[in-house]
Each structure stands twice: as structure tokens, then as C-alpha cells.
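This is the structure I have questions about; it appears just below.
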Amino acid sequence: MEIALLHLVIWLPALGALLTMLLGQGTRARGWALAFSGLALLAASWLYIRYDLRASGMQFESSFLWLAPIGSSLRLGVDGVSLPLIFLNCLLTFLAIVISWNLEHRPQLYFMLLLVLETAVSGVFASLDLFVFFLFWELELAPMYLLIGIWGGPRREYAAMKFIIYTVSGSAFMLIGILALYFFTGAGTFDLFRLAQGARALPVATQVLFFVLLYIGFAVKVPIFPFHTWLPDAHVEAPTPVSVLLAGILLKMGGYGLIRLCMTILPDAARVLVPILVTLAVINVLYGAAVALAQINGDLKKMIANSSISHMGYVILGLAALTSTGMEGAVMQMFTHGTITGLLFMMVGLVYDRTHTRMIPDMSGLAPRMPFIATTFVMAGLASLGLPGMNGFIGEFLVFIGSYSVWPIPTILSVFAIVLTAGYILWMLLRVFFGPLMPKWQDLGDATPREVFAVATLLLVIIVVGIYPSSVVDMIATGVQPIARLFA
Amino acid sequence: MPCPYKRMNVDVWLLTPEILLAIWACVVLIVDLAMPSSASRRPLLALSLLGIAGAALASFALLGTNTTSFFGMLIIDNVSVFFKLLFLLAAALVVLASETFTEHGEFTAEFYGLILFCTAALMLMASTNELMSIYLSLETSSLSLALLASWSKRELRSGEAGLKFFVLSAVSSAVLLFGMALFYGVTGRTDLRAISQVLITSSSPAALLAMSMVIAGLGFKIAAVPFQMWTPDVYEGAPTPITAYLSVASKGAGFAVVIRIFEGALLGGAIQPVWMDLFVLLSLLTMTVGNLAALLQRNLKRMLAYSSIAHVGYMLMGLAAATTFGLSSVLFYLLVYAFTNIGAFAVVTVMARYVEGEDLEQYSGLARRAPVLSAILALCLLSLAGLPPLAGFFSKLYLFWAAAERGLYATVTWGVINSAISLYYYTRVIRQMYLAEPATDSPVSVGLAPAVSLAAAALGVLAIGIFASPFIEAARGAALVITR
Amino acid sequence: MALVPVGLHHFLVLGTLLFCIGMYGALSRSNAVGILLSLELMLNGVNVIMVAFAKFIDTPQELAGQVFAIFIITVAAAEAAVGLAIVIGVYRLRNTIQVDQIDLLKG
Amino acid sequence: MELAWLVPALPLAAFAVIGLLTLRYANLSSFINILAIGGSCAIAWMLFFRVLGGEPPFEQEIPWLALNLQTALTFGLRVDPLSAIMIALVTTVSLVIQVYSRGYLYEPAEEGEEHGERHGPATMVRDSGFARYFAFMALFTAAMLGLVLANNLLTIYIFWEGVGLGSYLLIGFWYRKPEAAAAAKKAFVTTRFGDFGFLIGILYLYMQTGTLQFARLAEMAEQGQIGSTVLTVGALLIFCGAVGKSAQFPLHVWLPDAMEGPTPVSALIHAATMVAAGVYLVARALPIFEHAPAAMLVVALIGGFTAIFAASMGLVAYDIKRVLAFSTISQLGYMMLGLGAGAIGAGMFHLFTHAFFKALLFLCAGSVIFMLHRAGAHDPVDRDPLDPPRAQDIRYMGGMWRRAPISAITMTIGALSLAGIPPLAGFWSKDDVLLATYERASQGGGIYWLLLAFALATVLMTAFYMFRVIFMTFAGEHRGPADAQHIRESPAVMTVPLMLLALPSIAAGLWGAPQLGNGFGHFLEGGRFHSSEMSVGLAGLSTLLGAVGIGLAWAMYYRRSLSPETMAARFRPIYLTLYRKYWIDELYMWLIDKFVVAVSFGINWFDQNVIDGIVNGLANAVGAIGNAIRQVQTGRIPAYALAVFLGLTVIALYAIVLHRALG
Amino acid sequence: MTPGDVFTAIAFYLVGATTLVAGIGMVLVRNMVRSALLLVLALGGVALMYVLLSADFLAVVQLLLYIGAIMILMLFAIMLTPGQVDLPSSAPQAQRITSALTALAVGVISLFVVLSHPWRIRAAPLDIVTSERLGSLLMSTYVLPFEIASLLLTIGMIGAIVIARED
């Protein structure tokens, strides 16, 4: 029963996609999509509740031998690292479907792709077999490409192509890394833990090489400087719900890969490479913040996208600390960033739907015309700049406290970004919502109940987790414990 | 009265599929003569399919046989049966897809007949073990393909394609012949098995030159760089079903011969290190040239031609491994490649009725006009790009795997990078179909026969990947026969 | 390689030279029929080699070279027929068989 | 004592209820707010008296944030004399201000405002954000209460940021005014600079000591378990936060701008919340500071300097609220000076009294502004952006003494208290600070003499600028655009709070008066308190200086025997420097514009052109190679045949010659 | 060295030289008809070589099939493409030079190889009349290629007709 639960979470959306494809002509598609993503969300919530906090290690495991010739099994399981992310995935997809409700352009294909995406991402987080992991990883590509490419903005084709080329190039290296692990460990299996055992026997230089191969794949996804330039383009062009998913959950696949594959399988290499990782993390944090700040006269979405780069830098910083607190913070930061940036992109979308512009200088004083949107945008912004009481603070604080003892100077540099973040977020809010209302925006309306529902749900998560972090952190702590122990 | 040939170590039954096919080609021609000239030639399609099905049954019956006949010239083992079935499958799918092409043309019966003849020749190529038979069956297939390529007589490009194919194939086979002559001179044999016994220790310059010439001659057939120059032109100019057939069956036959000669006769010989290295070089060159040239190509058929060159590069990597696994992965690759390529070309064939030429522009917004058709093309292209969980990913994976097992890490890495690059041009087609707005809204209708072909291709692309195990096991079993 | 008696090497050299002359023709002719003619010369070069091997080489496969040569001549005949048919087909559409001008397909 | 959590929880709940449910009901919302703060006020006083009655410190905490499976950071509160005083103070002042706000939060009706030419009284309508205002006020109060009750650095940081949030929301309450929105942002970002240091301080201390509990830290510091370097660095980092929140130099720039919020908000910010938080933090962490003399010196230096520095700017400001703001900065400097001198009692006592009279002063100023608004004061269209709005510009006031006696009297009380005239509250507390500084100086700290001189000079300046305001506002004839006839006293809902606040402004000082046993100090520091003899000389000197200041103001602004204009003209460079606030805002703007933003634009350029340029260039290069390869496909048969033979040649050469040569 | 050898040598050099010269002429002359006739001469020379190589049957086949059938076909083709006979039948000079160099390279490599290789020469060179023997070989040992050749001819016939037929 419980094993089935995880399978339900993963396969329900796929089933939904199939049914949408077969039965969901026109706007009927959205009903199917909503139903199945809702069911998946329910299943994920149930899984979340049933998770045993006293145990560390994998739970809800199941395994089916699948590709006997190469020794790959469909082995699934979750721990405290992956389960929050799976839950986040289900939640964000559900909300993405809610806010796409009135989509008129080719809805059938759209909703089908969203569901496929959901299956792929959940699959990535639940796979314990690297080959299956890779399959799910790649499964996400085509839907994302089409989602950006069909429903995106004016430069959507360029952005979609950039996205896919970057990701595929990255995952090509990752595949080489996975195969290299397979061959050099001689384990004859893709089982994560068996590979991890085998990999420890390898010379450190070899491990470092493999780490780098895997790293490139994940670094593109996170994205880590200098592989990041696809992200702003993809975000700017992607439609709102897709941006939500892209920032909210897809980037997390990279961070997850780093901790689940790189760190778990190749701890010795991780130890060697952390100085570089830390440097990159700091660059990400400050560089992303600086570029976000530079968008103050530009594109709202680009600013948020670059803030994502900055915030994902914290994830890397936390991981590079190689302490349980740092890793916990990194995973928590992934979760919180998923909710916050998801919300931010949702808000940008709501504003854009009304003004049809994303250029910050074109907007001013919108708050009186859309009080709800303004309020929630401000709250999202505050969460993003790490205000305590919102969950963004929890992630950042854990990262800082975990990494400070190991990397004081890089941590201080990263902490400085909280000032920069406050600067650009508040500056942006100021210019968009406050001050005198431009006459041309006189007739804008506020959010519809459907939008209110989506926004409020995310906001609720942000605040509840912010006030009661144990609801997530405790689970994450069980998950990172075995990994951190590798470095103890 | 006992068969006189029994005494002479000749078992005609082993040739049943080829004979059946040849006879059936004649039957098609005769039935055509019997039909009134105004009647629809559609029944001929069914008739041809019947013949192919019969030949396929006959080939199936040979499965598991492992014998030689005709004084060692005919070899029937699982590899040859595999290739026979592969060619028959390609022929069947191409015949099905060609309905659109033949419906307005003349000489429909001759078209089908020639395909059947050609298939028979290719099947012979895959099951001979002797230089003369190889040469003759290769020439037979080349001639019929040259004729088929120039079949659209009012089409400027078709004639040009036929001429190019013909001249270059003749040049190449002259080179191949020189090589065979040298092999004969060095070993005194034309029988591959005997040649291999002599060459086990010899790596004289003459043997090496002979080998080089054979590589050059067969390089034409499989379209390896630098012998690939004809490929884009001919693929573009030839009628699309024939292009599909060229890219799958003819290329497959080329590989069959390469496998017989190199993985069979020359395996373990003194010159093995040389040809292994050569294959690696050719592989690198071929995949790179193919992929880069395809990158900005706007003509869909030409792009697929370059892509097929790139795929030869990948397969050469598997051959360069010179292991059972390498060979079996090449066989598997060919199977998957057959499904995907025929699927892609079938879409182009169907679309020929609706669009002018094959420029990508013509496929704008196809997803709106023909969602299923574009989905199949997209699947095939993504499979060619090697995106999981499609069949193309698995076939490529096994190939790289085999090469990696042999220690060809650099080659594999380069191959993976190439695959990533290749995604760009495959995606461009998908972009055109899904992202661009259609110029017209008129829907595209697909006839029954092409639909069957398309469905089979799509099914293959989807299913072979996910349920790869049995196929891979079968391929491994077949490969064992050769490399043992 | 003595001038006399004439042995295997002499014939091999002759065959090779014929092959290369034909090859030069195939490469430098711009008339399609000219290319076909050159190809015939190449095939004849190979034939000379084949037959020479048949005569001089120590082989259990008696006369294999000659048999091969017969088949090559057969192929050449069929090739000529098919090739000329194609050339005439091209000529009919384009009014030229200059291969330099037959370059609609390229790039 | 177990009810302590209710103190912040009640206002927080009020915030939630108003924010989520009753935003549409203005009156109801304000009542919810007042009820909640009233309730927490009652509890706070109860707790205060329990602590006063000698109950031991009470701590309560729950595990909140698991750092790993073994350890968790806690979320906890502590009721001890320090926090007991603070919660009582905060809730009381806040409650009074809430009540006042119900009257204040009206604005002239919108019609006709566009033209700016209206005269005569305005119809006052309730501000459209009435309910929102009370929600924010509740949040702000709750955050401050949480902050003072926190028992560890993490908890305090959480509420610390909450206070920042509250101030952001309230300063930007009239977000339609660009100045207000900008001021809100400025307040938040500037204090964030301080928080940056504070957060690092928390991380640093946690790494070095393994705990964030104040009690535990104090204990460890006392027992010498923490190295002195650690203490110094930790203390200084924490002090960074205090500098930001308490608007100490050089992070003081946000506070004058924070006047853009509604006046009761300013009252709250300046009196009991927000700015007091910095001082409170230092007081709370004083055990750490005490063992780090260098840090103490820095605190005193910053405090002393800020005191005189801010006071000097107050001398020339025309905005009634801005003068008060500078005075706040200056007084906060005092408190810091007191703390830096090692006298927690002095610093906190000044905080305590200051809360009352500064709240009083602001509410009075608010009352004046309200009256002027109601009387129809409006801004000309071409107002110099450097000038304050007319309703706040003391140059356009005057003569309100008769029309608004309650406001006038209470404000004068507040001003006297601030000027340190005995026996008002301000006198006692200011004297405490001076005394502490004096003692510290006489113990051999040369630099402390200078600080004492600063402090004394500040006394003079404070008295001067406060009475400059009093005289210009209330004395003489009305000079403003408002019709003097229509100026009349504010409603009772506003004046009653004024009167209520006037009482402690007069008398609160007695609790800490040495003559009366300095109950405050004893209560706060318990056994550690050492009462110092009041220095009559010092007290006399400061009183004298205060009187001189008042006299000077009287001479210049009442009797006009000294023309301020002439003075300004004569000392124009000085005047301008002060009036333009030493150009520090301009400097910061320049730094941000020309440095931070320029750098970020530079990085953005780098991102677009170099990083992305490389990527796109690579892609284009690959494409170009592909096209080049396609050039080989000339379509000519001889070329293709040539390729075959060339290929053959190369392969043959490789096979026969090269392969062997290469081994 | 027997007189037979000398006779053979003289015949070889005479015929060989003629063949080569005819071949070279064939690839060089501009007029296609002359080129075809020179090829006939070269092929005739090859036929004589077959005689020297004890391949009497082949010599006959060469004369009949090549010179009789193929060359007639070629001449037909040349005649059927009027206007093409006298056009520059060679490519531009640059291409001719590359072609020559390539041919030279292949020739040098091949000659080096065939001359340096230690061929296993049989003790007694083949010296019989081969026609009959060939016939029986084709019908027994080489029956498979023989069958394939018949398939080839069928295809060539059908295809050539279809392609060459005027619509």
C-alpha cells in the first residue's frame, strides 16, 4: 500500500497526460489535468504525512528489475531530501494548472505537457537507480522545450532552444559520468548505493573527474556560473505557469543531483573540490544579485530570474559546507526558494496579465488598482529577501550557520547579498507599485478568485513553514544525516 | 529423383526468401500486365506486401539455422536472418509509405517489382560469404537503387540523383573490386572463411591495401566520410520512399557486408588493430561531419541525409569495438534506426502531397494541421537525437557502452557531445512544426497504407526502447555467431 | 622484375596502370558518357589483374579469377545499359550531360 | 508569568485578524487593535509588577529550528527586569498612540486638491487605509514586544527584522506619495546594512560559543570561557545591527526620511519601538560588551558623536517632525553613550523616559499638523523639494498657542523634559548618562572627556532647537497658508493621549532619581547596581546649558533680538552644511548610484556580452563550421569521385605506412 | 628463357603499349566518338592480353560482349545526346591536375604494393584451354554468383527500359 503511494505520485500525472491526450479535446483538458495533478498532490501529501521522522534513510522503497542486460532496475524511494521536493513539485504543478485555467491557445497539448513534466520531475527525485534517474531527467526536456517554445514570449524560440541545448549538453556530460561510474566501479548495477560503495575504492583523481562530469550536468540546471545564461532568457520568455515550475522545481533538480549523486557517491572528490564550489557559490550569489539589481530599469522577470541565480548560490554554499546543517540548509533553501520564486513569478505573471508589460519603468503606483496583488507581491518580495517569519529566512539562515564554521569569509560575502537583495526587491516594488499611479493603468483590476487561491496557497506554505520550520526541516534533517556522515 | 544439387552441397531451400521475392516481383509485373491500364494500381501494393510477408515468413523459418551452402558461399545464420528481416521490414514500410508517391505515377508495378528485386539482392548481400557473390549482389542492389532513385522521370532532381548515385557507386565498386582482386591475389581465395584463415597471420602491405580499398568501396555503401558525398544529394533528389529505403536497407546491407568481412573474416587477424583504428577515425570524422553539416540545413530531406551520415559514425564506433557486444549493439542500432528513419521519411512522403519541396518552412505549424503526423515525426527525430526514453536513446547507449567497454573513452565522449549538438537540428524541425504558426489551416489526411507504416514506426520508436531487453539479447545471440 | 619472361608482375603493372588511367578519366571527364567509358577502363584493369592472378597464383580455387572476370564483364554490361538509360533520361530533361552543369543538388 | 507569550501574541493575532478578515471594517479593525494592545498592555503591567515584586527571571522556550538530528535552535522568551520594563513601556506608549491614531488618521477630502488653490477648512475624511494602518501598527507593536522578550539572539533577530518590516510598512503607509515609498525602502535597506553585521555576529558567536542564549552567553563571558577577541568581534558585529536600527552614525540617514509616515507612526518608531530596539539590543547583550572594552569604547564613541552630530542638524531643520527626528537620533546617541560608558541603568533609563516625552512630542506635532490640515493648509505646486510640506514647516506656523492650548502645553512639557530641565523626566535620565560618562572619564578614559563635552554641548543644542520649534510653532502670529481662523484644538481622542503622556514625561524620572533611591537602576541591575552620587555640579551645569539654549531660542525666535536669517547668512557654509545634513545623503546616493548600481550594470554588461557572448559565439562558430563543411558538397560528380579516391589514398597511406610508424 | 617466352614478351609489350596509349588517348581526346573508338582499341588489347593469360573464353567474351555490345551501346548513347559530343569533355585544368595527382598517388601506392608483395606463384602456370572448365565451374561451384548475375541482368533490363522509355 505504502509503496504504491510513491508510484501513485509519480505515475498518476502520466496517466493523466495519457487521458488528456485521448479525451481532453479543447478546454476539457484542464479538467483532466486538474484532477490528476490534484490526485497526485493528495498522494504526495499523504506520503508526506506517512513519512517516518524517526528513521533516516530511504522509505517507501520498491524495486523492479527492468533492463536486465545493463543491470538497471526501476528502484524508487524517498528520504528527507527528496520528499519535500516531490511535494513541492506536486503543489506547484497543481497551482500552475490552476493559474493556467483560462488558457485558450492549444490547451490540450499544454496540459498534457504539464502533467508529463510533473511525472518526470517527481521521477527524478524518487529514483534510486542512476539510469532511471537519467531517464526521468531527460523526460523533462521535451515538455519544457515546448512549453517555453509554444506559449512563450516574443523570443520564445531562441529561449527554448537555448534551454534545451544547454540542458542536453550538460546532461550529456552527466550521462558520461554515470556510465563512467558504472564501468569503473565494476558494480554491474546502477543502484545508487552500490555505486557509492564501489566508487569509494577508486583513486581520488578518478573520483574528481567523475564528479566534474556529473557536476556539469547539474551546474547547468541549478544554474551555477558560468552556465547560467540560459535561465534569464528562458524565464523572460516562458509563460507564467512555466516560469513558476522552472524556477520553482526544475532548478532544484540540479541541486538535488549535486547532493544525491555527487556528494553521496563521490565524497572524497567533494572534499577536494569544495573550495571551487564555494567560490562558485559566492560568485553566483553576488553576481546574480548584481545582475538582478541591474534590471531595475529593465525587465521585471529578468530581475526575478537573476535573483533565482543568486538564491541558488546559497544552495551550493550550503552543500559545500559539507556539514549536516549546511546540507540541511541547502535542501531547505531549495524548498523555500521553490515556493518563494514560484510565487514571485506568479505575481509577475498577474501583473503582466493586466499591464501587458514587464518593463519596470513602464509601471508605477499600481498598488491602489490591485491591492491584493500588490500586497502579496510585497510579501513574496519580503520572503525572497529573507525576512524572518517567512520560509526564505529559514533556508538562508541554516545555510549560513552551516557554512560559517567552515567557510567564514565566503559566508560573509554571501550574507552581504541580503542587503543587495533587499535593495533590488524593494526598489522594484517601489517602482512598480508605489508612487503616483500612471493614468494609463487607471482601469486595471485585481486578482480573480482563482488567482487568489493559487497565490494564497503558496503564501500559506511560505508563512507556515516560516513560522513553524520543523514541519519541513525535521524531515530534511533525517535525509541529510547519512550524507553528512560521509564527511564527518 | 533426388535433387542433383544435393550432391554438390547445394541446398536451394536456404534461398527460399530470395527466390520467393524474385518470383513475386515477376508476379507483380505479370499481374500488372493483366490489369486494364485504367485500373487503380493499389492492389499491386497489397500484392507486393503479400510477397514481402511470405519472404518474411520464410526468413523466420530459417531463424536458428546456422549453416553454409553453395560451396560455402551462402551463409545462413541469425545475423543474416536478422538482416533479411530488417530489409523486409524496411521494404514493407517503404511500400506502405509509397502509396502517396505511386498513386499518380506510372510504372507502379515496375516500381514495386524493383523494390522486391532489390530487397532480394540486399538479402543475398547479407547472407553471402564470398567475394564474387558479395560483389554481384552489391552491384545488383546498387543498380536497382540507381534506377529507383531516378524513378521520377519528370523531376529534374530525381534524374540527377540517379546519375550521381550510379556514377559514384560504379566508381566505388571499381575500387572495391580492386581490393577484392588483391585479396584474391594475396590469399588465392574468394571465400571469406578461407581468406580469414590465411590472413590470420599476414599483415602485408598488399593485404592492407586490399583492406583499404574494401573500406573505401563499402564506405560508399554505408556513407562513411569521406565516401559520403553522394548521400545528401541523392537523398534529396530521390523519391522520398526510395530515400528511406536507401537510408535503411541499402545502408544496412552495406553494414551487413562490413560485418561479414571485418567482424567475421578479419577479426582476430593480424590487420585487426589497423582497421579498428581506421574505424575509430572514420567514426569520429563521419559523426562530426554529418552533425555539423546538418546543423543549419533547411531542407528536411537533406538534413535527414546528413543525420544519417552522423548515425553511420556512431555505428562505426560499435564496429570499431570489435566485440560481440559492439556488434550486437550495431545490429540493435540498425533495427531502431530503421524504424525511426522510415518513420521520419514516411512523414515527408505523406507531406509531399501538401507542400512544395522539403524546406523546413513548409512544415510550419504542422502540429496544428496534423497533430498525429507531427507527433510521430517529433518522436522519430527525438529518437534520432537519442533522447530517452525513446528507442534511439537505448540503441545509442548500447553502442557507446560497447565502445566504452573496449576502452574507446575519447571516442564515446566525442560521440556524446555530438549527440548533444545533433539535438539542435532535430529540434529545429520540431520548433517549426510546433512553435511556428501554420500558413494554412487545411488539415492533412493520411491514407491507410502510410498510416500503417507510420504507426509501426512510432510503435517501434516507443516500444523497442522501453522493452529493449529481448531485442538486445537476440542481437547478442546473433552477434555471437559471427564473432565467436 | 625482368623484362623477360613476362610474369605476374608485368600483368599486374599493366592492370594497375589501366585502372589508374581509367580513374584519371573518371575524375577529369565532364561528359557523363565519358565517365562511363573511363569506368570501363578501370574495370578492365581489374580484370587483367584477376586473370593474371588466376594464371600465376598458387590457389586451390582453380580459375576463380577468370570466373570473377566473367562476372565483372556481365556487371559491366548491365551497368552500361542502366547507366546509359539514366544518362539519356537526364539528357532528356536537361539537354546536357555535362556533369559540371548537373549540380542542382548541393550544399 | 506563563502568560508572557500572550504579550506579543495578542497584537500579532490582531494583525492577522484585521489583515485577513476585517480590512473592510475600519472602526472594527481599530477596536480590535486597541483591544489587543490593551490586553497585552495589561498583561505586561501585570508581569512588570510581578517582576518588580521580586519574582526571579522567567524563561520559556521551544525547539524551533533543528540544525541536525541532534541539536535544535530554540525560540524562547525571557521575562526579567529589562524586558519587563520594556514590555510595559512599549505596550503603554503603543496603546496611547493607537487611541490617538483613531483621531489622527483623517485626511482632507480629495476633491479640489489637484488645484491646490483651496482656502478655508477642509472636510476631514477617514483615511482609506484606516484598517490597514491598525493592522500594521499591531504587527509593529507585536514585533517589538517579541524582540524585547526574546531570550536568544536568533529569536531577537527574527523580531528585529519584524520590526524592520513594520517600519517599512508604516513609513510607506502613504505609498502613493513617492517620498513615503522611497523613505520606507530607505529605512529597510539602511537598517539591513546593520543587520548584515548583526547576522554575521550571530553566526560568529554561535560558531565560537555554541549557544545563542543571552543568559548562557553572559555566563560564559563572565566566567571567561570566551576569548576577548571573540567578545570584541562579536560585540562589534552585534553593535552593527544596533547602529542600523537605532539610526546611529553612519546609518542614521533613514530616520529623518522616515517622517514620511503618519505622525503617530513616527511617535511609535521614535519612542518605544524600532529605534529603541538597537539600544535595547546593546543593553541585552551588555554582558558581552562589558568584557570587551574596545567594543564599549566604540559604542560610546558612536553614541557620543551621533548625539552632537544629529543635534547640530536639528538646529536648522524647518520640518517640525524632522527636528524631532534629529533629536531622536541625538538622544539615542545619548543612550548609546550611557551604555558605552558601562551604565546599563543610565542608558535604559534614558530610553525609558525618552519614550514618554518623545512620544508626547511627536503626538503634539501630529496634533499641530492635523490642525493645520484641517484648517486647509496645502502645498503650493512649486514647493522646493528640499522644503518640508507646508503643514509641517515651522516657518509657516506660529500663533497656535491660543488656538490649541492643550497641544501647546503638553508639547512644551515634552520639550522641557527633552531639554533636561529639572525636575522633568528627561533631566534625571540625561543626568544619569552624563554622570556615567563623567565617572567613566574620571576613571582614566581620556577620550571619555571629549564625549562628555559632546554630551554637554548637545544639551545646549537640544534645548535650543526644541524651543526654536516651540516658539516658531506656538508663539507669535500665524504665518501659514491655512486660515488661522479655522485652526482649533484637535479632538479629545487625540488630546487625552497627549495629556496622559504628559504625566510620565513629567514624573517618570523620579523612579530613577538618585535622591529617591534610584529604583530604576536597582530594579534593572539588581545586585550589580552601584548607585553613584549625583554630582550636583554636573547636574547644575547641564541644567544651565539647557536654560541657555532655551534662552537663546527665546531671543532668536520669540524676541527676535537675534535674527536667525542674519545668523544663517553670516555662517552660510555652516548653515548649509547642517541644512543639507552634511551631504551624507548625497554621498550615499552617489555611492549607490555611481558605485553599486554602476558595478551591477557593469556585471550585467559582462553577463550579456562576455558570458552569453561566448556561448552564442561558440554556437555561431559551430554553425559556421557546419556551413563550411557544406560548401564541400558542390554537387559536382567529379568532386565527389575525387573525394572517394583521396579518401582511399589517405586510408591506404595510413594503413600501410602511418599505422606502423605510429606503433 | 624459351623462344615462347620471348614471343610472349614481344606480344605483351607491343599489345600492352598499344593498350596503354589507347587508354591514355581515350581519356584525353576531346571528341567523344574518338574517345569511344580508342576505348575499343584498348579493350581489344585487353582481349589479347587474356589470350596471353590463357583465358581464351574470356578473350572471346571480351570481343563479343564488350566490343560488340557495350561499345555499340556507348556509341548509341553518344549519338543520342546530340550537341554533347564536341563540348569540352574535360574538366577545368585545376581539376585535371588534382585528378592526375590523385591517380598518380593511387597508382604509386598500388604499384609499390603489387611489386613488393611476395606473391605465391604456382609451380606450373595455368596453361590449358579454359572454356569448358569455366562452363562447368559456373554451373557448379559458382552457381550462386551465377544466379545473382542473372538477377542483375533482369533488373538491369527492366529498369533500363522503364527509365529510358520516353513518356
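Excluded from the calculations below are hydrogen atoms, water molecules and symmetry mates; all remaining heavy atoms, backbone and side chain alike, are included. Below, read A as the first sequence line, B as the second, and so on, with proteins coming before strands; counting in each chain starts at 1.
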| message | Heavy-atom pairs under 4.5 Å with chain D - which of Ile476(A), Leu430(A), Val415(A) has more of them than the others? | response |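 Answer, by heavy-atom pair count under 4.5 Å with chain D: Val415(A).
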
| said: With a 4.5 angstrom heavy-atom cut-off, is it the side chain or the backbone of Leu286(A) that approaches chain D, or both, or neither? | reply: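 Leu286(A) has no heavy atom closer than 4.5 Å to chain D.
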
| Is chain A contacted by the side chain of Leu69(D), its backbone, both, or neither, given a heavy-atom distance below 4.5 Å? |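 For Leu69(D), the contact with chain A is made by backbone and side chain together.
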
| request: Verify the distance criterion only: is there a donor paired with an acceptor across the side chains of Glu61(D) and Gln213(D) at less than 3.5 Å? | output: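 Side-chain D/A pair, Glu61(D) to Gln213(D): present.
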
| Side chain of Ser310(A), backbone of Val285(A): donor and acceptor closer than 3.5 Å? |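 Yes, because the side chain of Ser310(A) sits within donor-acceptor range (under 3.5 Å) of the backbone of Val285(A).
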
| said: I'd like to know which of Leu73(D), Ile158(D), Val189(D) tops the heavy-atom pair count under 4.5 Å against chain A. | reply: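 With the most close heavy-atom pairs to chain A, the winner is Ile158(D).
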
| field | Residue pair Tyr166(A) / Thr229(A), side-chain donor-acceptor N/O under 3.5 Å | value |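 There is such a pair (donor and acceptor under 3.5 Å, judged by atom type) between the side chains of Tyr166(A) and Thr229(A).
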
| Centroid separation Phe433(A) to Tyr175(D) less than 6.0 Å |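 Aromatic pair excluded; centres sit 6.0 Å or further apart.
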
| request: Against chain A, label Tyr206(D) side chain, backbone, both or neither, depending on which of its atoms sit under 4.5 Å from a heavy atom there. | output: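 Side chain only.
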
| Any luck finding a side-chain donor-acceptor pair between Asn306(A) and Tyr287(A) under 3.5 Å? |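 Side chains of Asn306(A) and Tyr287(A): no pair found under 3.5 Å.
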
| message | Does any backbone or side-chain atom of Thr375(A) lie under 4.5 Å from a heavy atom of chain D? Answer side chain, backbone, both or neither. | response |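 For Thr375(A), no heavy atom lies under 4.5 Å from chain D.
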
| Side-chain contact, heavy-atom cut-off 4.5 Å: Pro250(D) with Val243(D)? |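 Yes; the side chains approach each other to less than 4.5 Å.
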
| Is it the side chain or the backbone of Leu398(A) that comes within 4.5 Å of chain D heavy atoms, both, or neither? |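 Contact with chain D: side chain only.
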
| message | Shorter than 4.5 Å, heavy atoms on both sides: which option in Leu420(A), Val419(A), Ile425(A) has the most such pairs with chain D? | response |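 Among Leu420(A), Val419(A), Ile425(A), the one with the most close pairs to chain D is Val419(A).
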
| task | Before accepting this row, confirm whether a basic side-chain N of the pair Arg369(A)/Asp446(A) lies closer than 4.0 Å to the acidic partner's carboxylate O. | result |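 The answer is no: the pair does not qualify as a salt bridge.
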
| request: Go through the atoms of Phe393(A) and report whether side chain, backbone, both or neither lie under 4.5 Å from a heavy atom of chain D. | output: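 The answer is the side chain of Phe393(A).
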
| query | Are Arg54(A) and Asp474(A) close enough for a salt bridge, meaning some N to O gap below 4.0 Å? | reply |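 Salt bridge absent between Arg54(A) and Asp474(A).
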
| task | Specify which of Thr323(A), Asn297(A), Leu385(A) makes the most heavy-atom pairs with chain D at under 4.5 Å. | result |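 Highest number of heavy-atom pairs under 4.5 Å: Leu385(A).
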
| task | Name the region of Pro232(A), side chain, backbone, both or neither, that has any atom closer than 4.5 Å to a heavy atom of chain D. | result |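 Contact with chain D involves no heavy atom of Pro232(A) at all.
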
| request: With the side chain counted from C-beta on, respond yes when Leu217(D) and Thr209(D) share a heavy-atom pair under 4.5 Å apart, and no when they do not. | output: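 They are in contact (side-chain heavy atoms under 4.5 Å apart), so the answer is yes.
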
| request: Look at the aromatic rings of Phe225(A) and Phe606(D) and report parallel, tilted or perpendicular, splitting at 30° and 60°. | output: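 It falls in the parallel class, under 30°.
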
| query | Of all the residues in residues 140-156 of chain D, which have a heavy atom that comes within less than 4.5 Å of a heavy atom in chain A? | reply |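 Near chain A, by residue number: Leu154(D).
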
| query | Of the listed residues (Pro226(A), Ala367(A), Gly389(A)), which shares the most heavy-atom pairs with chain D below a 4.5 Å separation? | reply |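 Ranked by heavy-atom pairs under 4.5 Å with chain D, first place is Ala367(A).
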
| said: Please evaluate residues His228(A) and Asn284(A) with respect to the criterion side-chain hydrogen bond (donor to acceptor under 3.5 Å, both in side chains), reporting the C-alpha separation (whole Å), side-chain torsions for both, the decisive distance (0.1 Å), and the verdict. | reply: CA-CA 9 Å; His228(A) 63 279; Asn284(A) 242 42; 5.6 Å; no

| field | Pick from Lys185(D), Arg132(D), Met207(D) with the largest number of heavy-atom pairs that fall under 4.5 Å of chain A | value |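 It is Lys185(D).
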
| task | Against chain D, label Ile418(A) side chain, backbone, both or neither, depending on which of its atoms sit under 4.5 Å from a heavy atom there. | result |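 Both parts, heavy atoms under 4.5 Å.
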
| said: Taking side chain as everything from C-beta outward and backbone as N, CA, C, O, which of these in Tyr157(D) sits under 4.5 Å from a heavy atom of chain A? Side chain, backbone, both or neither. | reply: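 Answer is both: backbone and side chain atoms of Tyr157(D) are under 4.5 Å from chain A.
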
| Ile614(D) versus chain A, heavy atoms under 4.5 Å apart: side chain, backbone, both or neither? |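 When you check distances to chain A, no heavy atom of Ile614(D) falls under 4.5 Å.
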
| Closest-packed option against chain D by number of heavy-atom pairs under 4.5 Å, given Thr411(A), Leu293(A), Leu429(A) |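 If we count pairs closer than 4.5 Å to chain D, Leu293(A) comes out on top.
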
| Where on Val480(A) is there a heavy atom nearer than 4.5 Å to chain D: the side chain, the backbone, both, or neither? |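 Neither part.
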
| said: Quick check on Trp427(A) against chain D: is it the side chain, the backbone, both or neither that has a heavy atom closer than 4.5 Å? | reply: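 Both backbone and side chain of Trp427(A) come within 4.5 Å of chain D.
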
| request: Answer with yes or no after comparing the ring centroid distance for Tyr314(A) and Phe400(A) against a 6.0 Å cut-off, counting only values under it. | output: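 Close enough - the centres of the two rings lie under 6.0 Å apart.
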
| Can you list the residues that meet the side chain to side chain contact (heavy atoms under 4.5 Å, CB included) rule with Asn616(D), with sequence neighbours excluded? |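 Side chain to side chain contact (heavy atoms under 4.5 Å, CB included) check on Asn616(D) returns Tyr158(A), Lys162(A), Asp612(D).
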
| Contact part of Phe159(D) toward chain A, heavy-atom cut-off under 4.5 Å: side chain, backbone, both or neither? |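 Neither part, no heavy atoms under 4.5 Å.
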
| task | Check whether the side chains of Gln295(A) and Asn604(D) place a donor and an acceptor atom closer than 3.5 Å, and report yes or no. | result |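 Yes.
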
| Main-chain N/O of Ala159(A) paired to Asp233(A) side chain as donor or acceptor, under 3.5 Å |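 Flag not set: sc Asp233(A) to bb Ala159(A) has no pair under 3.5 Å.
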
| task | Using modelled atom types only, decide if a donor and an acceptor are shared between the side chain of Trp64(D) and the backbone of Ile467(A) within a distance under 3.5 Å. | result |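 Yes, the answer is positive, given that a donor and an acceptor are paired below the 3.5 Å cut-off.
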
| request: Select one option (side chain, backbone, both, neither) describing which atoms of Gln608(D) are under 4.5 Å from chain A's heavy atoms. | output: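 Just the side chain, heavy atoms under 4.5 Å.
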
